[in-house]
Structure formats: C-alpha cells, structure tokens
Number of protein chains: 4
Amino acid sequence: MPTGPDRVDPRITRSRRAVLDATLAELAARGYGGLTIDGVATRCGVARSTIYRLWPDRAALVADAIDALNEQPPPLPAGDETPRERIATLVRHLADAMRSSPVAACLPALIDGAERDPTVRRLHHHYNDRRRAALVAAIAAAVETGDLRSDVDPELAAVAVAGAVVYRRLMTARPLRDDEVEPLLGTVLGW
Amino acid sequence: MPTGPDRVDPRITRSRRAVLDATLAELAARGYGGLTIDGVATRCGVARSTIYRLWPDRAALVADAIDALNEQPPPLPAGDETPRERIATLVRHLADAMRSSPVAACLPALIDGAERDPTVRRLHHHYNDRRRAALVAAIAAAVETGDLRSDVDPELAAVAVAGAVVYRRLMTARPLRDDEVEPLLGTVLGW
Amino acid sequence: MPTGPDRVDPRITRSRRAVLDATLAELAARGYGGLTIDGVATRCGVARSTIYRLWPDRAALVADAIDALNEQPPPLPAGDETPRERIATLVRHLADAMRSSPVAACLPALIDGAERDPTVRRLHHHYNDRRRAALVAAIAAAVETGDLRSDVDPELAAVAVAGAVVYRRLMTARPLRDDEVEPLLGTVLGW
Amino acid sequence: MPTGPDRVDPRITRSRRAVLDATLAELAARGYGGLTIDGVATRCGVARSTIYRLWPDRAALVADAIDALNEQPPPLPAGDETPRERIATLVRHLADAMRSSPVAACLPALIDGAERDPTVRRLHHHYNDRRRAALVAAIAAAVETGDLRSDVDPELAAVAVAGAVVYRRLMTARPLRDDEVEPLLGTVLGW
DNA sequence: CTTTAATCGAGACGGTACGTCGGGTCTTTCT
DNA sequence: AGAAAGACCCGACGTACCGTCTCGATTAAAG
C-alpha cells in the first residue's frame, strides 16, 4: 500500500484550524500573558492532549496563530486612481481596521507578546513593515507626481500617519473615526 | 486647632515604596498578565502577607503602581524660547523616553492591562492625555505665532507626531532616534 | 448482568495508600491538632492537590486514616484452650499493643480528636467497643465455666482490666509490662 | 541596700491570672495542638504582646497553666470512717471529676500534650501519681484491716479501679455513673 | 501632684498553612 | 492507532493566624 503524497489526516487539519481560531480569540480576550492552553481547548471543544500533540508548547502555538492571523490576505483595495485617493483609502482602511478587525483585537496581545518572545517580536515587526510598505509606496508616488512636497520623507510620513491611527487606538479612549482621516491628512500632509 | 499629626508608620511607607517599585519592575519584565504577587514579593524581599495587608488584590496593586509610575513628574523642560524649539524639545524628550524610561519599559504591559481592566484603562488614557496636552499647547502656540500654517489642527498634529514616536517603539524594531526627530518634524509640520 | 469492571486507576490506589500511611505517621508524631495537610504531603512525597482531589478536607482525611488504622485486623489470637488462658492472652496482647503498636502511637491523637470532632469520636468509641467485646466474651465464658465468681460483671471487669493497661500507658510514665499482666489478673479477678 | 518586698505590679498579677484561666479554657476547648496565643489573648481580652512579655513561648504558658490547674487543691474528702467507705468515696469522687471537673475537660489536651512535650509529660505523670496515692493508701489500709484479700496488690488494684473510670471517660461514649461505682468495686475487689 | 518607668494595646512584619484553581506532563482507557 | 479523560506535580491565589517586633498611650510608683 503506497503511502500517500504526504497526506494529512483530515481530523488533524480540522483540529488545527479550530485550535488556531480559538487561540486568536483567546489572545484577543485574555492577552498574551493570559492565554492558556486550557482556555483554548475549552473554547474549541478539543482535548488539551490534542493541542499538546500538535504544538510543542504555548510559544509555538501562539506564533502559529499569529502567522495565520496575518496570512489571511487583507482585502487590499487595489488600483486606485490618484496617489492622493489611494493614500486616503489606505488610511481609512487602517482606521477601520483599528476599530474592528481581528488584528486590532489582538494588537495589545501582539505588542505584549513581542516584548516577551523573540519569535513573536519578529513576526509582529515583519507584518507591520509589510503593511506599512503600501502606504510608503503611495506617499512616494504622491511625491513623484508632485502631489506632495518633495522634502517629504515617505517613510517618516507613513509612520506619522499610521502612528496617529495606532496611537488613537492604543493610547486614548477614542480610536480614529473615518471622518477624522481627511483632517488628519490635511494637517500632516498639508492638504 | 491644627490638623492632627496623621502619622503613618514609617514601616508602611517603606514597604509600600519597595512593593510599588518591584511591581513596576515585574510589569516591565513579565507584562500585565504575567505579573504575580509572589514574584513581586520575592523581588522586593517583602512577605506576601504584607502586600495583601496594603492592597486588596492584584488589580489594586497594579493600578497603584501605574499611578505611582505616572505621578513621578517627568522633568518637564519648561520655559523654552520659541514654540518651535519647545516642540522639538518635547518630541525629543518623548523619543528619549520611548527608548529608555520606566514608562516605556512598562508600555506593553500598560497597553495590555488597559485592554483587560477598566481601571488601568482609565489611568492609561488619563496620563496619555495629560502628557500629550503639553505638545498640543506648544503646537497651538506655534499656530498662534504663525510658525505653523493656520489650518493645522493642533490636536491631530500632536497625535501624528507622538504617534510616530510610539509607533516606532511598539510596532517596529527601531525606536525613533534623536536625529530622526528633526526630519520627522520637517515632514509632518512642513519645516 | 454482571457489575462492570469498576476499575480504579492504579495511580489512585497508590496515592491513597501512601497518603493514609503518612497521615497516621503525622498523627502519631504531631497529634490531632498539629496535623497538617502540608506535612502529610511532604512526608509521602505527594502533591497537596492530589490529597485535596481525594479528600474534601483535613477532617475527612483524618477520619479515613483512622478507619484504615482500625480496619487492619489485628492478628487476633483465636481458639485458645481455657477461658482463663484466653483472657491472659488477650490482656497480654493489649499490653503489648499499648507499648508498641501504631494504634498506641496514635492513641493520644485519637483521644484528642475524639474530643473535638464528632466523626472521630464515633470511630474511636466504635473500635474500642469492638476490641473490648472479645475480652468481655472471654470473661463471660470464664464465669460460665466457674473459673470466675458468678457475681463478676463481665463488662465492668473487662473495663477494669483494659482500663488498667490503658491508664498505665496514658497517665503514667511506665506502660504495663508483660510480667505485670499475671499479677494484675490475680488482683482484679482474684486468681 | 535591701531589695523591696518583691512588690509586683498589680497589672501583672491581674493579667497573669486572666491569661492562665483563659489558657485552661482554650486547652479544654481546642486541645494542646489547637491552642493558640491569639485565642487565649482574645478570650481574656489581653493583647498578644502582654502574653509574650510574661511567658517566653507557648510551651511555658501551657506548663504554667497546667501547674495552676493542679495546684488548686481538690477538696479532698478527709477522715472517713472505714477503709472500705473511704475507697468508695475516693472512686466516686474520681468518677464525678471525670464527668465534670476542669481537669477532665483538659484531660485529652493533657494526654496529647504529654505525648509531645517533656515538661507537660512530667507534670501530667507527677499529678496523676499524686492523685492515685490516696487510693493506693486506702486500699493498702483495707488489706491491713482484712477488708481485702492479702494477695491484692494495692498499686495494681488502684490502677485497675482508676483505670476503669478513666477508660470509660476517654475510650467510650459513657463515662462511669455514680451508681456504677459500687458494682465496679464489687467486681474488682470482690465485694 | 508631678515625674519616671513599666505595662499595656495596637498593629506591621515575615512566615506557614489553608482550601481553590488552573497549567502542563504523562498515563490509562476507550472507540 | 488515535483521541478523550483525567491523575499527577507544581505554583499562585487570597485568607487566616502565628510569633516577633516596634511603637505611642496608659497607668502605677517614687520623688
């Protein structure tokens, strides 16, 4: 009987998916330090021993879950008309995410986890860099087309704009609303 | 008739101080969810029972420690010459803090704690609002004196600048260096 | 339909036995009021939580241990020749027990425990009644055969003889020696 | 310079008395292992520090209390007519004591304490020997006068009678009643 | 009387045990 | 052969006291 081409037991795939989802939910609900294998198992109705069979320890599980969280390709708003509109769209998208997406829900846990675990830190920084890149590109394009002053540093500008949105989510009681995006861009980019 | 002496046992003050310091250190080292009364007691060489005599539970201790953390008035650089210089000083100060201060060490824990505990949340937001106020005032003054365009919203501008510094600390591997402050202000405020 | 296998996890039986033994040892060493779950756990190298899983609290554990202590059927010397010899054997056996058996080691703890806890009291009295019954029967038999005066009350005679042995163990510095048994019977039963 | 008449601060005498009484009450209520300085202090309304000032530790306090307990000379029924009547009186007295006196209330505690603490043991045995002596003397007198067989060993007979009374108090649910004293003497001494 | 000195009540402190909860490892049983 | 169940050890929780200790506040004795 030939061994299949790396066939994986469907039960495993099923368990894997359920556990990862539950892990993200627990991460959002209890944070990095509050996450518990037992909590995850209870949430997804799987036995603890199953989790321990599939991941060596808590750290590996969390890392795997974060990976899964970020690999879900965010519905990138593609092919906008002008750089200016594209920037507005991207920031609005980010502001929206900071108010309701799974990533935002896990953000405090991610930040805390990044502080304690090198692997989490690497993932966290990596995915932020990737996400920021689109904004940097749009801003650079705007500089290119003359929509922005040429002395604008695209990287710093992107950090400022994204930073404002993140800051409002993490450091204040009021996340940035959609209608505050335009004033923000007006103030920061001089529009 | 003068108010009574209201003497407080010096042993209490001593214990209180030691425990709060240790709590902040543990918060920085293990995070909000990882903090443990046992850990705090061990770190400062105080008996667990002493901690429970002075605070009803973990939550109260953490809240108190955060309060103590913020009430140490940071050496505000006061009375600068021009608004412009004052802004630069404030931001440089913030960038510096994000690289080395106790507050920055505890920041991930604070963010995580704010997400889980309403009291921590209130404190966290309150102190951030207070700290940001100085920057807002300086920017408003710059608008007043014409150093900044009149269409600049001081609150949003402050959020963008502070947000950039915080973003670099929390979301990337490279906190903002001092020599990046000027380029940041150049880009965001058009200087 | 036969009763199910009713298998009990061998680990449980093992822990149970170890804990009960240690409890008796602690009872002998520290007494009823000095017994400590921590002490028992330490003595038998079992985790405290294991004890709490098997018994609801200290009282239940002690009661169970006392039960176990008494259920080990003492090697009753059975089927002696004459009632007279049987009485002597029984008393010698008791005197011996009062000098060295586990029961004697725990006796002060049992008496103290009986004074504080109704359950212990019930067990203590029950097992004493049971143990005394053999002596009462032998004395009654001796009365029957004319070996003892007919006005001897077997119950009181048994109490006097057993009482003497117990008294010497609990109230004096010198437990009754084997060679004192014959004189005791001579004096009390007129032999 | 002659030392004063060893005056002792009346506050001390007062505290001392109150504490010793409370100690005996606690011994009766909680036993030797359950006795607690705090319990004693609470019971007699004295501060813990006062107790610790007057006695070095728990052991000394207990020993002192036991001493006080036994030094209250029991109202010895003196000068009876015949040895036989005197014996009956003494045993009735003991039976009575085993049902209601402070000594009987503390007896389990004393037995337990004697097992753990050499000092308590010494006191316990000493006072029992003293109390038993009267009975031994009365029995010896009865032998002398021919009221008892000459082969009766007064010491063993006294132990048997006293032992019966003590046994019924400590090992059974029914302490010896007054009307059981005569049958007991009838059976044991052949009356 | 007032001063002086001791006793006293109060309670902070480092500990230890309580009984509870839950975490991660590993064994046993079931399907 | 898995997965589910759950026993095991460990450690933190918050509570209750214990015995040590340091305090001011009282109260007795001496001047």
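Not measured: the values here are computed from a predicted model. Numbered from 1 within each chain, the chains take letters A, B, ... in sequence-line order.
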TODO: Could you go through the side-chain contact (heavy atoms from CB on, under 4.5 Å) check for D:Leu69 and D:Val103 one step at a time?
DONE: CA-CA 7 Å; D:Leu69 171 67; D:Val103 175; 4.0 Å; yes
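- Computed from coordinates, the B:Arg14 CZ to F:dC23 P distance equals 13 Å when rounded to whole Å.
- Taking atom CG of C:Leu54 as the reference point, atom C1' of F:dG6 lies 12 Å away to the nearest angstrom.
- The distance from atom OH of C:Tyr52 to atom P of F:dC9 is 15 Å, rounded to the nearest whole Å.
- The residue among B:Pro56 and C:Ala47 whose nearest nucleotide of DNA chain F lies closer to the 5′ end is C:Ala47.
- Remark: P of E:dC13 and CD1 of B:Ile51 are 11 Å apart, rounded to the nearest angstrom.
- Among the heavy atoms of the strands lying under 4.0 Å from C:Ser49 is at least one base atom, whether or not backbone atoms are also near.
- F:dA5 atom C1' lies 12 Å from atom CD1 of C:Ile12, rounded to whole Å.
- Here E:dG23 presents its P atom at 9 Å from CD1 of A:Ile37, a figure rounded to the nearest Å.
- Contact annotation: A:Thr50 reaches the phosphate of F:dA4 (side-chain N/O to OP1 or OP2, under 4.0 Å).
- Taking 3.5 Å as the limit, the base of F:dC8 and the side chain of C:Ser15 contain no donor-acceptor pair of atoms between them.
- C:Gly45 comes within contact range of the sugar-phosphate backbone alone, with a heavy-atom separation under 4.0 Å but no base atom that close.
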- [ ] For B:Val120 and B:Tyr32, run side-chain contact (heavy atoms from CB on, under 4.5 Å): C-alpha distance rounded to whole Å, both residues' side-chain angles, the deciding distance at 0.1 Å, then the answer.
- [x] CA-CA 10 Å; B:Val120 173; B:Tyr32 177 83; 4.2 Å; yes
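- Neither OP1 nor OP2 of E:dG19 sits under 4.0 Å from any side-chain N or O of C:Arg58.
- With rounding to whole Å, D:Arg53 atom CZ is found 12 Å from E:dA10 atom C1'.
- Under the 4.5 Å side-chain criterion, counting only non-hydrogen atoms from C-beta, A:Leu35 is in contact with A:Val62.
- For B:Asp57 and F:dG14, the CG to P distance is 6 Å, given to the nearest whole Å.
- Applying the 3.5 Å distance criterion, the base of F:dG14 shares a donor-acceptor pair with the side chain of B:Arg48.
- Rounding to the nearest 0.5 angstrom, the gap separating the CD1 atom in B:Ile51 from the CZ atom in B:Arg53 is 10.5 Å.
- Here the closest non-hydrogen pair linking A:Gly33 and A:Asp112 is N-OD2, 4.0 Å.
- Residue B:Arg11 places none of its side-chain N or O atoms closer than 4.0 Å to OP1 or OP2 of F:dT22.
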